[in-house]
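Indexing begins at 1, ligand by ligand and atom by atom, following the structure's order.
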Amino acid sequence: MDRVYITTPLYYVNAEPHLGSAYTMILTDTLARYCRAIGYETFYLTGTDEHGDKIAQAAASAGLEPKAFTDQISATFRAVWDECGFTYDRFIRTTDDYHVRYVQEVLGKVYESGDIYFDRYSGLYCFGCERFYTDKELVDGKCPDHLTEPKLIEEENYFFKMSKYQDQLLRHIETYPQFIRPEGYKNEVLAMLREPIEDLCISRPKSRLTWGIELPFDNRYVTYVWFDALINYVSALKRYGEGDFQKFWHEAQHFIGKDIVKPHGVFWPTMLLAAGLPLYKHLNVHGYWTVEGKKMSKSIGNTISPLEMKQTIGMDAFRYFILRESVFGQDADFRQENLIARYNADLANNLGNLVSRVLAMQQKYFGGIVQPLSADWAPEDIELRDRFVHAENELDGYLRELQFHRALEAVWSALDSANRYVVQTAPFTMIKDAETKARVGEVLHHLLEVVRTLARVLAPFMPETVLKLSELLAIGEDRLNAPWGQGLVAGHKVNPPIVLFSRIIEPGTAELKLGTTSPKVL
Ligand code: MSP
């Protein structure tokens with residue numbers, strides 16, 4: 001049986017969930033749902049990253065001990081993700097006992113094999129990134145992410161012989177060009193590996209930081225947060241023995257944002273090589289979201305909260321917008337104007353109107369009773385079916401390439417055809433003539449097949465909407481996979497329409513003044 005292991009980064013607990021973290025969750029949740037739907041045995045992991053300077057500082061400013069603080073924020077992450085309906089299989093915290101033990105086991109093993117050594121070091125350290133920077137990596141002397149000047153730190157520490165594995169990793173990436181994708185990020189890592197890389201400082205003296213995992217071979221030190229956190233991808237699978245690890249590790253697909261390519265593309269694989277573990281299968285890197293053209297930040301007050309989105313437009317509409325508006329790997333901009341435009345055009349009009357029109361006609365003309373299909377289908381019926389079969393095939397190909405926006409485009413282009421089919425066949429005119437009533441029954445049957453197909457193909461993207469679609473059709477999951485024309489039997493009764501997405505109208509627009517619909521304001 002095919003298997004897949006999908007992971008998100010472990011979120012730092014110094015900020016609450018926002019559009020950035022929700023983005024990785026939406027991408028991975030969509031993929032996990034799709035993989036399950038096509039029969040892959042799927043393991044989907046997320047969690048929280050809780051050690052290190054940043055967290056200790058955040059706890060101190062909240063007036064709490066680090067453990068009490070991380071318990072609180074980690075629980076918030078879990079509650080928010082649950083409220084959003086994300087279907088992760090395991091939630092790991094880097095403070096979990098089993099993880100701590102496994103990190104120490106890996107450290108002990110790598111130390112014994114001679115790949116960890118003790119040395120004096122002085123370097124420029126960014127507390128925001130929790131790492132040392134080389135002069136070359138700084139922009140105008142500042143950390144490119146935090147725009148702060150790193151501090152010069154000199155101390156004795158433990159180092160991991162990362163450089164020893166540089167060539168091996170370089171060869172691996174050259175042999176498996178899909179190891180890191182999209183390609184631009186692979187090239188970024190290749191460029192890093194073609195220059196000499198330094199060994200990695202993997203300890204912090206307890207005199208400076210106590211909030212971390214103690215080194216098993218020197219209790220004066222704790223582990224560098226990345227050496228701790230990255231190991232979660234393996235420790236999570238080993239929580240209850242070797243079973244999950246044996247089953248899933250070979251199919252590991254990590255999803256991360258572009259800011260953490262180096263730890264995942266260089267630190268992590270070299271750590272795996274040193275620990276004698278196989279490399280992961282793919283590192284999938286997504287871009288960054290800005291909001292109305294600006295970097296999201298608490299101080300500007302422009303952070304987007306997933307729960308607020310759920311309350312204002314609904315989780316499915318939020319998921320749709322995020323997946324449709326961004327191209328995997330590239331940056332995207334969250335604009336309210338675009339959100340409203342897509343919501344109204346794609347969800348309220350295209351999808352919502354089609355579904356309610358079809359069900360309204362079915363109700364009005366046949367009391368909701370599905371009519372029989374004749375053995376001979378008209379060319380336009382066959383064309384309609386073929387459009388959806390084609391869209392579903394395309395969707396599969398696009399999702400395998402992580403082209404989420406293209407997958408949705410394929411479905412919406414089939415939806416356009418369905419809307420054209422309504423205009424072309426004009427059941428609302430044909431019904432006036434008793435002789436063509438049977439044909440109206442057939443046309444509506446095909447349109448109900450459109451709704452049933454949507455309930456299947458949109459399931460990974462818009463899980464709440466597809467439940468509504470199944471309820472409207474009054475069918476269970478067992479009917480969803482039947483071929484076109486065989487999912488709904490004649491005589492079955494479907495339900496009257498409901499409003500799936502009521503139009504959002506911005507205050508002050510002409511439409512609002514005309515009062516065509518009850519306004520819903522963001
Ligand atoms: N704790 C580390 C990851 C350790 S994984 C072993 C970390 N955490 S984070 O909370 O800072 O970031 C988590 C993820 O959110 C990263 O993939 C990051 O790229 C993503 N995002 C944070 N802000 C973002 C945007 N504005 N847009 C898109 N993703 C962004 O890094």
Side-chain angles (χ1 to χ4, degrees), residues 6-28 45-56 58 70 73-74 76-77 80-81 86 91-96 99 102-103 106 126-131 143-146 185 188 211-213 223-237 252-269 271-272 280 283-298 300 302-306 322-323 325-334 404:
I6 298 169
T7 72
T8 73
L10 297 194
Y11 303 107
Y12 282 133
V13 289
N14 59 350
E16 298 207 343
H18 53 63
L19 173 61
S21 38
Y23 181 42
T24 327
M25 294 306 287
I26 292 174
L27 292 166
T28 48
L45 177 75
T46 191
T48 43
D49 189 353
E50 305 184 13
H51 290 125
D53 290 318
K54 264 202 273 194
I55 310 300
T70 56
I73 313 275
S74 177
T76 304
F77 265 94
V80 171
W81 294 159
F86 298 136
F91 188 99
I92 186 170
R93 300 179 56 186
T94 54
T95 50
D96 286 336
H99 171 74
Y102 188 65
V103 169
V106 171
C126 170
F127 282 89
C129 299
E130 310 248 11
R131 74 173 179 96
C143 159
D145 278 340
H146 294 91
Y185 299 105
E188 206 177 284
W211 184 236
I213 299 178
T223 319
Y224 168 48
V225 64
W226 277 103
F227 206 95
D228 156 0
L230 288 163
I231 292 175
N232 92 87
Y233 300 130
V234 173
S235 70
L237 290 181
Q253 300 224 19
H254 300 313
F255 281 78
I256 59 159
K258 65 177 188 179
D259 55 324
I260 51 178
V261 166
K262 188 170 184 183
H264 284 83
V266 180
F267 302 175
W268 180 224
M271 284 164 65
L272 285 166
Y280 54 76
L283 178 63
N284 304 312
V285 186
H286 66 68
Y288 245 56
W289 280 90
T290 46
V291 175
E292 311 285 345
K294 294 201 183 76
K295 191 179 168 180
M296 223 181 350
S297 94
K298 261 194 182 168
I300 306 181
N302 66 346
T303 44
I304 301 283
S305 137
I322 291 299
L323 294 169
E325 188 78 358
S326 59
V327 176
F328 189 87
Q330 295 177 21
D331 291 345
D333 190 27
F334 188 99
F404 297 86

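Nearest protein neighbour of atom 29 (N) of ligand 1, counting heavy atoms only, is H286 CE1, 3.3 Å. Shortest contact from atom 8 (N) of ligand 1 to any protein heavy atom: Y12 CD1, 3.2 Å. Looking only at protein heavy atoms, the nearest one to atom 3 (C) of ligand 1 is L10 O, 3.3 Å. Regarding atom 19 (O) of ligand 1, its nearest protein heavy-atom neighbour is D259 OD1, 2.5 Å. Atom 23 (N) of ligand 1 has its closest protein heavy atom at Y288 OH, 3.4 Å.
Those atoms of ligand 1 with a heavy atom of H264 less than 4.0 angstrom away are 5 (S). For ligand 1, the atoms sitting less than 4.0 Å from at least one non-hydrogen atom of M296 are 26 (N), numbered in the order shown with element in parentheses. Numbered from 1 in the order shown, with element, the atoms of ligand 1 that lie under 4.0 Å from a heavy atom of H18 read 22 (C), 23 (N). Numbered from 1 in the order shown, with element, the atoms of ligand 1 that lie under 4.0 Å from a heavy atom of A229 read 6 (C).
For the residues G47, G52, P263, G20, the heavy atom positioned nearest atom 25 (C) of ligand 1 is part of G20. Around atom 27 (N) of ligand 1, the closest heavy atom drawn from Y11, F267, W289 belongs to W289. Taking each of G287, G257, S326 in turn, the one with a heavy atom nearest to atom 28 (C) of ligand 1 proves to be G287.
Ring geometry, Y11 versus F77: the interplanar angle falls under 30°, so the pair is classed parallel (tilted spans 30 to 60°).
Taking only nitrogen or oxygen atoms, main chain and side chain alike, D49 reaches within less than 3.5 Å of ligand 1. Considering both main-chain and side-chain atoms, I260 never comes within under 3.5 Å of ligand 1 through any nitrogen or oxygen pair.
For F267, there are no ring-ring contact (aromatic ring centres under 6.0 Å, His included) partners at least two apart in sequence or on another chain.
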Do any side-chain atoms of residues 252-265 form donor-acceptor pairs under 3.5 angstrom with protein atoms, and if so which ones, sequence neighbours left out?
residue : atom : partner : partner atom : Å
Q253    : OE1  : R181    : NH2          : 3.1
Q253    : OE1  : N284    : ND2          : 2.8
H254    : ND1  : T7      : OG1          : 2.8
H254    : NE2  : W268    : NE1          : 3.1
K258    : NZ   : D331    : OD1          : 3.0
K258    : NZ   : D331    : OD2          : 2.8
D259    : OD2  : Y288    : OH           : 3.2
K262    : NZ   : E137    : OE2          : 2.9
H264    : ND1  : I260    : O            : 3.0
H264    : NE2  : Y233    : OH           : 2.7

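In this structure, K295 falls outside the shell of residues with a heavy atom less than 4.0 angstrom from ligand 1. For W226, the closest heavy-atom approach to ligand 1 falls below 4.0 Å. A heavy-atom separation below 4.0 Å is not found between F255 and ligand 1.
Remark: atom 17 (O) of ligand 1 lies closer than 4.0 Å to at least one protein heavy atom.
Nearest approach of S326 to W289, heavy atoms of both residues: CB-CZ2, 3.7 Å.
Rounding to the nearest 0.5 angstrom, the gap separating the OG1 atom in T94 from the CG atom in L10 is 6.5 Å.
The main-chain N or O of E50 is found under 3.5 Å from a side-chain atom of W211 such that the two form a donor-acceptor pair.
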